[in-house]
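Let me begin by presenting the structure, written as structure tokens, before commenting on it.
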Amino acid sequence: MFEVYYGIDNSIAILTFIFWWMVASRTTNLAFQANGYKMCRNMRGNLRLTYIGIALAIGRLVWQLPLGLLFGWPFVQEKLLLAIPLIMIPISFVMLYSIPRLKRIVKELSSDVTLVNLRGAASPALVVPMQTTFYGAAAGLYVLLFPQAPPYVSIGIWLSVLVAAAVPILWLWQHRREGKLGVKETYVFQLLARREGQGKLQRLLSLLSA
């Protein structure tokens with residue numbers, strides 16, 4: 001029984017790391033897509049991955065309850081004091097800043113505008129919380145692979161300092177990338193209309209052939 005519960009917890013931690021790695025890497029390159037249609041498609045996909053990553057992090061937090069009840073709270077202290085806060089704190093910024101910006105850009109790409117402000121897609125307020133959450137997930141994976149001994153103060157401080165120190169570096173780097181961008185003409189709506197028209201034509205031909 002212990003192996004099953006512990007294996008589920010490990011699997012959630014690994015999946016959380018993988019999904020936030022995908023989210024961070026995709027978000028970093030959102031503003032550098034070939035065209036508006038590809039950007040819109042990737043942003044929609046990135047939103048789905050972000051929601052899955054948040055669900056996995058919350059799921060691992062909730063999973064500590066049965067682990068603590070069945071095997072004792074000392075068994076889950078390491079996760080509750082180290083791994084969980086290092087990812088849940090950045091996730092709160094993702095929910096407050098990154099997700100609303102992603103939704104707004106997707107809405108703009110789905111409207112009748114023909115110019116896209118690429119700086120919005122490269123904004124540090126959008127990208128850096130995603131990247132920081134990935135580093136938090138990586139720190140949680142480190143705690144999983146290298147179990148620590150209580151009282152966890154020293155390792156907790158070191159991991160927190162490393163994750164926090166990455167934030168201004170990532171912010172300055174992303175701000176520099178943002179400054180190189182402006183607006184870009186997008187043909188997303190023409191492409192969507194063309195595909196929709198082709199779909200209607202195919203349906204009409206199939207009806208006529210029937």
Side-chain angles (χ1 to χ4, degrees), residues 13 15-58 60-61 82-111 113-143 156-186 188:
L15 286 173
T16 302
F17 170 80
I18 292 173
F19 270 90
W20 281 107
W21 169 73
M22 290 190 295
V23 169
S25 61
R26 287 167 63 98
T27 306
T28 302
N29 297 309
L30 278 177
F32 300 89
Q33 305 299 317
N35 54 61
Y37 173 74
K38 188 175 181 181
M39 183 188 296
C40 184
R41 184 185 62 185
N42 287 346
M43 283 188 176
R44 291 181 186 276
N46 212 47
L47 268 175
R48 298 187 189 98
L49 291 176
T50 301
Y51 290 139
I52 294 174
I54 292 174
L56 286 169
I58 296 176
R60 194 182 185 207
L61 172 61
L82 294 178
I84 301 297
L86 287 170
I87 189 171
M88 293 307 299
I89 293 175
I91 279 179
S92 64
F93 288 93
V94 169
M95 298 175 69
L96 286 174
Y97 297 102
S98 299
I99 291 179
R101 282 171 168 79
L102 267 178
K103 287 183 175 180
R104 183 170 65 248
I105 296 172
V106 169
K107 186 177 180 181
E108 290 176 356
L109 287 170
S110 302
S111 65
V113 299
T114 57
L115 290 177
V116 177
N117 186 358
L118 296 180
R119 288 189 175 185
S123 169
L126 187 157
V127 179
V128 173
M130 302 284 201
Q131 295 170 331
T132 307
T133 305
F134 163 67
Y135 283 109
L141 189 63
Y142 174 85
V143 173
I157 292 175
W158 274 109
L159 290 176
S160 300
V161 167
L162 288 175
V163 174
V167 174
I169 298 174
L170 293 170
W171 191 281
L172 291 173
W173 177 62
Q174 193 62 33
H175 181 71
R176 184 177 179 181
R177 298 180 81 206
E178 179 192 21
K180 299 178 181 179
L181 298 171
V183 295
K184 177 181 181 180
E185 188 172 359
T186 175
V188 58

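Basis for what follows: all heavy atoms, side chains included, without hydrogens, waters or symmetry-related copies. In this text the structure is predicted, and so the values were computed from the model without any measurement.
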Please enumerate all residues that pass side-chain contact (heavy atoms from CB on, under 4.5 Å) together with [X], with sequence neighbours excluded.
| X | result |
| --- | --- |
| Met43 | Leu30, Met39, Leu102, Ile105, Val106, Leu109, Ala121 |
| Ala125 | Arg101, Ser123, Trp171 |
| Leu96 | none |
| Ile169 | none |

Sequence neighbours left out, what passes side chain to side chain donor-acceptor pair (under 3.5 Å) with Ser98? Give chain and number order.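 Partners of Ser98 under the side chain to side chain donor-acceptor pair (under 3.5 Å) test: none.
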Considering residues at least two apart in sequence or located in another chain, which fulfil the side chain to side chain donor-acceptor pair (under 3.5 Å) criterion with Arg104?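 If we apply the side chain to side chain donor-acceptor pair (under 3.5 Å) test to Arg104, skipping adjacent residues, there are no hits.
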Between [Y] and [X], is there a side-chain heavy-atom distance shorter than 4.5 Å?
| X | Y | value |
| --- | --- | --- |
| Trp20 | Ile91 | yes |
| Ile58 | Met88 | yes |
| Ile89 | Val163 | no |

Using the test ring pair (Phe, Tyr, Trp, His ring centres under 6.0 Å), find all partners of Phe93 that sit at least two apart in sequence or belong to another chain.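 Per chain and number, Phe93 pairs via ring pair (Phe, Tyr, Trp, His ring centres under 6.0 Å) with no residue.
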To the nearest 0.5 Å, what is the distance between [atom1] ([X]) and [atom2] ([Y])?
| X | Y | atom1 | atom2 | result |
| --- | --- | --- | --- | --- |
| Leu82 | Ile157 | CG | CD1 | 11.0 Å |
| Phe19 | Ile54 | CZ | CD1 | 12.5 Å |
| Tyr51 | Asn46 | OH | CG | 11.0 Å |
| Leu141 | Leu86 | CG | CG | 12.5 Å |
| Ile18 | Met22 | CD1 | CE | 7.5 Å |

What heavy-atom pair brings [X] and [Y] nearest, and what distance separates the two atoms?
| X | Y | result |
| --- | --- | --- |
| Val94 | Thr50 | CG1-CG2, 3.9 Å |
| Ala83 | Arg60 | CB-NH1, 3.7 Å |
| Glu178 | Pro124 | OE1-CD, 3.2 Å |

Anything under 3.5 Å between a donor and an acceptor, one on a side chain of residues 130-137, the other on a protein residue two or more places apart or in another chain? List them.
| unit_1 | atom_1 | unit_2 | atom_2 | d |
| --- | --- | --- | --- | --- |
| Gln131 | NE2 | Thr28 | OG1 | 2.9 |
| Thr132 | OG1 | Val128 | O | 2.8 |
| Thr133 | OG1 | Pro129 | O | 2.7 |

Would you confirm whether Thr27, through its side chain, and Ala24, through its main-chain N or O, come within 3.5 Å as a donor-acceptor pair?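 No.
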